[in-house]
> 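Quick one: this structure, given as structure tokens, is what I'll be asking you about.
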Amino acid sequence: MIGFQYVARYGDGEHMMRLRFAPSPTGFLHIGNARTAIINYLLSKKYNAVLVLRIEDTDVERSSRESEESILRDLQWLGIQWHEGPDVGGNFGPYRQSERLEIYKQFSEQLLKNGNAYYCFCTQEELETMRARAFETGTYEYSGRCRNLSTAEKERFRAEGRKPTIRFRVPENETVIVDDAIKGKVVFSSENIGGDFIIVRSDGMPVYNYIVIIDDALMKITHVVRGEDHLSNTPKQILIARALNLPVPQYAHLALVMGNDRKKLSKRHGITSVDLYRKEGYLPEALVNYLAMLGWAAEDEREILSMQEIVAQIELEKLAKSAAIFDFQKLRWMNSHYVRLKSAIELLPLIQPYLQEVGIDANAVEREKLLRAIELLKPYCELLSDIKNFAPMLLSEIPAYDEEAKQILMSDEATILIKEAFSFFSETPSSDIGQFVNVVKAKTGFKGKQLFHPLRALLTGKLKGPELDQVISLLGYDGCKKRVEYAHRIYIEKLPLEGKL
RNA sequence: GUCCCCGUCGUCUAGGGGUCUAGGACACCGGGUUUUCAUCCCGGCAACAGGGGUUCGAAUCCCCUCGGGGAUGCCA
């Protein structure tokens with residue numbers, strides 16, 4: 001990782017700025033974590049910092065390699081790049097906590113030896129009972145009853161077959177100030193962080209609050225930018241750092257992302273995994289732009305900004321302190337903007353899977369026509385997947401009729417119009433297709449909506465779509481003729497349907 | 001319960017004592033362009049949680065209340 005320059009504003013004069021994103025591989029990349037990752041990435045670009053990806057997989061039950069892989073894939077899809085991580089290596093690895101157990105063990109021994117930690121033989125059941133009882137009276141805090149066990153007592157417990165956890169001995173009456181880049185100075189007292197907390201489980205696996213600070217120190221992380229849900233636990237981590245004589249990084253706690261009921265964003269609010277956003281046809285540019293703007297605004301009040309523009313303007317201290325509600329509507333709007341920004345050629349590979357879903361083989365369509373169709377349909381696609389609704393009107397032989405279109409086509413006016421359209425094709429040579437609309441207009445005497453509504457329904461099966469002239473031109477004489485004849489068979493001759501609709 | 005964070009239009013936000021009859025964006029409503037719908041353009045609706053201070057002056061500073069969120073796990 002050569003070439004990174006020290007950034008005067010944030011570095012300490014000796015080390016370059018180092019950031020990290022540390023997901024737990026217990027499922028898909030969640031939108032809230034994606035935002036944290038994006039902010040970290042943007043800051044790393046802005047300050048020329050190293051971005052470290054660390055996998056926090058000490059919850060053996062819930063962690064999986066598949067999750068890790070999907071998270072890495074989603075991060076890459078978003079355009080996030082990291083300099084060190086389990087996949088690319090680096091000088092401060094390994095980058096999976098499950099592969100660093102020996103390291104943590106040494107620190108645990110040190111803590112035990114110095115009396116900063118002790119074995120606790122309380123069982124989970126005992127703790128639950130204590131917690132439940134405390135809940136009735138009010139505040140709960142671990143009693144510290146194993147703090148001063150004699151050797152004999154420990155022996156007895158071990159003989160019973162109890163496997164101890166290791167608890168950190170929380171110092172009395174110590175003030176911990178978290179100087180947060182976003183929240184400002186937050187003051188805690190060691191008196192009310194819940195008592196001595198477990199740092200190593202009875203099966204020997206260390207716990208998050210304990211090793212996160214060790215890894216941040218060992219990986220020389222200078223700035224920890226993470227979700228606000230970690231703020232309350234930060235004093236525990238700092239106390240550990242003090243006991244171990246480890247440096248404490250600069251913190252920045254990001255306000256959380258909520259659902260529309262002000263509750264933590266979850267599945268019932270809509271889709272929450274980045275993976276699903278991709279499948280629904282959101283563009284990574286849109287997601288990055290939206291998530292970056294959630295809790296931050298550009299000086300010139302512009303909302304659509306490229307990654308480079310955001311990087312140029314974003315600053316840790318200017319990020320919002322308050323939680324933001326995730327607005328799916330605005331994301332869609334932003335996505336539609338990015339869809340329109342792309343050329344038909346760029347869009348083609350992205351929409352091909354959706355075309356396939358509605359039975360359109362892009363390779364079988366003349367390329368020129370395909371690109372023209374995409375160009376025409378672009379403004380109608382908020383999501384890439386919306387192409388499924390619109391592509392058939394230009395690329396299928398006979399598109400299906402919408403309910404609304406059916407209603408229109410059954411009207412008396414449509415009957416007149418379909419007949420006139422039908423006779424147009426039996427009387428007029430193909431070179432005169434350009435006259436189609438005007439001829440029908442003249443023959444029927446219809447105009448405006450009265451003319452275009454049924455005509456659009458007849459030709460495209462929908463009431464919405466690109467300019468009809470363009471549609472007709474793209475479909476060509478034969479294409480239009482087929483559709484008119486088809487509608488004529490159904491609505492005028494009332495012949496039974498054949499073939500696909 | 002306890003500790004911590006937060007509180008400007010429905011939503012995201014601008015705002016750091018006077019330039020605020022509070023600005024922008026999404027959504028919504030109206031109008032225009034389009035021989036039609038959408039796109040696009042123009043316009044409108046709409047907020048400083050409440051109460052006390054401090055000050056000549058408070059959305060901005062302080063306190064209280066209320067409301068929301070987070071933590072309080074052998075989860076992260």
Side-chain angles (χ1 to χ4, degrees), chain A residues 22-26 33 56-59 61-63 97 120 122-124 127-128 131 134-142 163-167 178 180 182-184 186-189 191-195 197-209 212 226-236 253 255-256 258 260-264 290 293-304 320-334 336 340 378-380 404 437-438 441 446-457 462-469:
Chain A
S24 246
T26 55
N33 289 128
E56 310 214 314
D57 55 351
T58 51
D59 185 343
E61 296 272 300
R62 295 192 294 159
S63 297
Q97 290 185 326
C120 170
C122 298
T123 63
Q124 300 205 42
L127 291 170
E128 268 162 42
R131 224 190 319 272
F135 188 73
E136 287 165 18
T137 54
T139 163
Y140 168 75
E141 173 167 310
Y142 175 66
K163 294 247 186 272
T165 59
I166 299 176
R167 278 186 191 268
V178 180
D180 193 277
I182 295 171
K183 303 284 186 183
V186 185
V187 184
F188 296 89
S189 165
E191 293 306 301
N192 42 35
I193 58 172
F197 54 93
I198 291 174
I199 56 174
V200 180
R201 299 170 169 91
S202 55
D203 65 0
M205 192 59 89
V207 143
Y208 168 79
N209 277 128
V212 67
R226 61 187 2 174
E228 193 182 353
D229 46 344
H230 292 291
L231 180 56
S232 305
N233 283 326
T234 306
K236 291 183 186 171
H253 287 93
L256 265 18
M258 317 280 226
N260 51 15
D261 54 0
R262 297 222 165 258
K263 299 271 182 266
K264 208 167 172 177
Y290 178 72
M293 302 301 282
L294 202 60
W296 176 73
E299 264 176 51
D300 56 9
E301 300 194 317
R302 282 168 59 217
E303 308 253 337
I304 304 277
K321 287 178 155 88
S322 54
I325 291 176
F326 192 85
D327 185 351
F328 291 87
Q329 189 73 49
K330 191 156 184 178
L331 206 214
R332 287 179 79 94
W333 164 77
M334 219 171 241
S336 72
R340 267 176 253 147
K378 235 164 60 172
Y380 294 86
E404 303 166 311
V437 175
N438 283 325
K441 182 182 181 183
F446 296 163
K447 60 181 181 183
K449 197 176 233 175
Q450 189 188 26
L451 172 70
F452 278 86
H453 248 119
L455 204 50
R456 180 178 287 286
K462 282 186 184 303
L463 265 28
K464 278 169 92 168
E467 271 184 63
L468 265 188
D469 281 345

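Throughout, protein chains are lettered first and strands after them, A, B, ... in sequence-line order, and every chain is numbered starting at 1.
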> For A:His230, what residues pass the ring pair (Phe, Tyr, Trp, His ring centres under 6.0 Å) criterion, not counting sequence neighbours?
A:Tyr208
> Starting from P on B:C12, measure out to CD1 on A:Ile325 and report it in whole angstrom.
5 Å
> Could you check how far NE2 of A:His453 sits from P of B:C37, rounded to whole Å?
8 Å
> When both hydrogen-bonding distances must be under 3.5 Å and the geometry is Watson-Crick or G-U wobble, what is B:U36 paired with, if anything?
none
> Go ahead and name the base partner of B:A49; Watson-Crick or wobble counts if both distances stay under 3.5 Å, otherwise write none.
B:U65
> Expressed in whole Å, how much space separates the P atoms belonging to B:C28 and B:U39?
10 Å
> Which base sits across from B:G1 as a Watson-Crick or G-U pair, both distances under 3.5 Å?
B:U72
> For the backbone of A:Lys321 and the side chain of A:Lys183, can you confirm whether one donor and one acceptor N or O come within less than 3.5 Å of each other?
yes
> Hey, is the main chain of A:His253 close enough, under 3.5 Å, to the side chain of A:Asp180 for a donor-acceptor pair?
yes
> What is the base-pairing partner of B:A59, counting Watson-Crick and G-U wobble geometry with both distances under 3.5 Å?
none
> Rounding to an integer number of angstrom, what distance separates B:U8 and B:G16 when you compare their C1' atoms?
14 Å
> In whole angstrom, what separates A:Trp333's CH2 from B:U11's C1'?
13 Å
> Rounded to the nearest Å, what distance is computed from the OH atom of residue A:Tyr290 to the P atom of nucleotide B:U11?
12 Å
> Hey, is A:Phe452 doing a stacking thing with B:U36, by the 5.5 Å centroid and 30° angle criteria?
yes
> Checking all strands, does A:Gly295 fall into the base, sugar-phosphate, or nothing category for heavy-atom contacts under 4.0 angstrom?
sugar-phosphate
> Could you tell me which non-hydrogen atom of A:Ser63 sits nearest to which non-hydrogen atom of A:Asp57, and how far apart they are?
OG-CA, 3.6 Å
> Between B:U35, B:C5, B:A38, which nucleotide gets closest to the side-chain atoms of A:Tyr380?
B:A38
> Which of the following nucleotides, B:U36, B:G24, B:U35, is nearest to the side chain of A:Val437?
B:U35
> Nearest whole angstrom, please: distance from the C1' of B:A27 to the CE of A:Met334.
14 Å
> More 5' along RNA chain B: A:Leu331 or A:Glu301, using each one's nearest nucleotide?
A:Glu301
> What does the B/S/- profile of nucleotides 64-76 of chain B look like, 5' to 3', with a 4.0 Å heavy-atom cutoff to protein?
----SSBSSSBBB
> Whole-Å distance between B:A14 P and A:Lys321 NZ?
11 Å
> Within 45 degrees of the ring normal and closer than 6.0 Å to the centroid, is that where the cationic atom of A:Lys464 sits relative to A:Tyr380?
no
> Closer to the 5' end of RNA chain B via nearest nucleotide, is it A:Phe326 or A:Gly465?
A:Phe326
> Have a look at A:Leu468 and say if it touches a base, only the backbone sugar-phosphate, or nothing, with a 4.0 Å heavy-atom cut-off.
base
> Look at A:Arg201 together with A:Asp203 and state whether they make a salt bridge at an N to O cut-off of under 4.0 Å.
no
> Measuring from the side chain of A:Arg340 (C-beta onward, heavy atoms only), which nucleotide among B:C40, B:C26, B:C4 has the closest atom?
B:C40
> Quick one: label A:Glu467 by what it contacts on the DNA or RNA (base, sugar-phosphate, nothing), any heavy atom closer than 4.0 Å.
base
> In whole angstrom, what separates A:Asp469's CG from B:U35's C1'?
9 Å
> Taking a pair as Watson-Crick or G-U wobble with both distances under 3.5 Å, which nucleotide is matched to B:C29?
B:G43
> So, under a plain 3.5 Å distance rule, would you say the side chain of A:Lys330 forms a donor-acceptor pair with the base of B:A27?
no
> Expressed in whole Å, how much space separates the P atoms belonging to B:A49 and B:A22?
15 Å
> Ignoring hydrogens and angles, does a donor from either the side chain of A:Lys441 or the base of B:U35 sit under 3.5 Å from an acceptor on the other?
yes
> Whole angstrom is fine here: how far is it from CG in A:Asp327 over to P in B:C28?
11 Å
> Does B:G16 fall in syn (glycosidic angle within 90° of 0) or anti?
syn
> Quick one: does any side-chain atom of A:Ser189 pair with a main-chain N or O of A:Glu191 as donor and acceptor, under 3.5 Å?
yes
> Between A:Arg456 and A:Pro466 (side chain of the first, backbone of the second, donor and acceptor by atom type, cut-off under 3.5 Å), is there such a pair?
yes
> So does A:Arg332 get a backbone contact from the side chain of A:Tyr290, meaning a donor-acceptor N/O pair under 3.5 Å?
no
